[in-house]
Amino acid sequence: MKIEYSLLKTEKNTKARLGKIKTNYGTYDTPMFMPVGTRATVKSLSKEELKAAHAGIILSNTYHLWLRPGPDVIKNCGGLHKFMSWDGPILTDSGGFQVFSLAKNKEKDITEEGVHFKSHIDGKELFLTPEKSIEIQNKLDSDIAMSFDECPPYPVTYDYMKKSVERTLRWAKRGKAVHNNPNQALFGIVQGGEFQDLREYSCKETVKMNFDGYSIGGTSVGEDKPTMYKMIDDGIRYLPEDKVRYLMGVGDPIDIIEGVIRGVDIFDCVLPTRIARHGQAFTRTGKINLNNAQYKEDLEPIEKECDCYTCKNYSRAYIRHLITTGETLGGRLLSIHNIRFLIKLTEELREAIKNDTILEYRQKFIEKYQTKKEK
RNA sequence: GCGGCGUUGGUGAAGUGGUUAACACGCUGGUUUGUGGCACCAGUAUGCAUGAGUUCGAUCCUCAUACGCCGCC
């Protein structure tokens, strides 16, 4: 089957939604945060560690798996789940985001047919099209495939964005036409940048194609926060109630809360694992940097009240030592904590939606989270 | 004892008679939002062994002293 979304309730004072996603691997509550595992691995974490962090859906990336090991290898190994030994749902990104950053000459390389770019591995000339992206995702056998879209940088002119939105709609249609994996859902992506009418247009036209879920794309590409939140508002109001809404690439704790309040169901982001590898951890009182000298002999866990494996077993002093000496365990332990932090955040948001207290929750969370910054 | 060479920041070091002493590491902060690149950005010697001299001006020239390395008796 494809995934099924059911809306359980909408919070009294906001658009925040409590829902369930039924997949072939079980049923999961939303709002949800999805850890990113670009190359068929959430960097440095085992599946047991992901399960212990209460991970539901995880991500993988079409571009990376296309290049290595190749979709046929994965298909011959029984599909992505079996290959990576993950018995939970997987969402694959279309590869568009990567390919656009690799396309050198935007005007020449991005054509109606697809995108020309060079492999980051050997510099080989490659060409990715909407059809190709969907075919690869079909072979990977993920549970949710994403349409191949253009994610323009910020800012671009209205004219450029208009053309881009129209092309993305044509690409969505082309991808949908070749999609033929009956076990795989296919999501459409709303674009339009910060232009309200283009968001509306992109949204309405994408919904007409009747996808299994919808994503808000083109955010967190350099715009300021109010603009980003407006982009969400401008698109989401035209999305159907009975389908999943996915805000792509967003993982700052405050942005997740703001997204949920605006009606977003699922999020993904590299932030928890990337900042972990650079020595930083999310905490209730803001982000901390374990490289800082103040943690040299700090025997406390990252957060006393956190229920993650890292906080139950290791001190800040030890993690700081691992990070400053470049030991890989440091990034691993921080990744475990950061992923659990964001998942726990969504668990609390679900509770707040149940109790219709999400506005209070936001206020308290932000107040505490920003205490350090204001000093 | 005599002669030669050397002495620059936490470390390895570059360098010049004249406004801010290169670079690297380390250290101290910061950044990171559909992860090509596992990194990027910023700060970090009011001082060039010590003392005296030459000079308009010395870390750079001269002399002495101290310390270190090498050679000779």
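Naming convention: chains lettered A, B, ... in sequence-line order (proteins, then strands); numbering from 1 in each chain.
As a whole-Å value, the separation of A:Asp93 CG from B:rG36 P is 10 Å.
Counting non-hydrogen atoms under 4.0 angstrom, A:Ser119 reaches nothing in the nucleic acid. A:Glu150 comes within 4.0 angstrom of nothing in the nucleic acid, heavy atoms only.
No more than 12 heavy-atom neighbours from other residues, nucleotides or ligands sit within 6.0 angstrom of CD on A:Glu107. Annotation for A:Lys106: atom NZ counts as buried by contact number, over 12 foreign heavy atoms lying within 6.0 Å.
Residue side chain A:Asn289 does not reach the base of B:rG29 through any donor-acceptor N/O pair under 3.5 Å, judged by distance alone. A donor and an acceptor atom sit less than 3.5 Å apart, one in the side chain of A:Asp255 and one in the base of B:rU33.
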- Query: Do A:Glu113 and A:Thr129 pass the side-chain contact (heavy atoms from CB on, under 4.5 Å) test, and can you show the C-alpha distance, the side-chain angles, and the key distance before you say yes or no?
  - Reply: CA-CA 6 Å; A:Glu113 184 55 22; A:Thr129 65; 4.2 Å; yes

- Message: Could you go through A:Lys225 and A:Asp255, starting from their C-alpha distance and side-chain angles, then the distance that decides it, and tell me whether this counts as salt bridge (Lys or Arg N to Asp or Glu O under 4.0 Å)?
- Response: CA-CA 8 Å; A:Lys225 299 263 182 194; A:Asp255 293 344; 2.9 Å; yes

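Taking atom P on both B:rU62 and B:rC5, the two are 11 Å apart, rounded to the nearest angstrom.
Nearest nucleotide to the A:Arg320 side chain, out of B:rU28, B:rU33, B:rG34: B:rU28. The nucleotide whose nearest atom lies closest to any side-chain atom of A:Lys287 is, among B:rU35, B:rU31, B:rG29, B:rU31.
Map A:Arg277 and A:Cys269 each onto its nearest nucleotide of RNA chain B; the residue landing nearer the 5' end is A:Cys269. Heavy-atom nearest nucleotides on RNA chain B were determined for A:Thr219 and for A:Lys296, and the one closer to the 5' end corresponds to A:Lys296.
Of the nucleotides present, B:rU44 is the one that pairs with B:rG26 by Watson-Crick or G-U wobble criteria, both distances under 3.5 Å.
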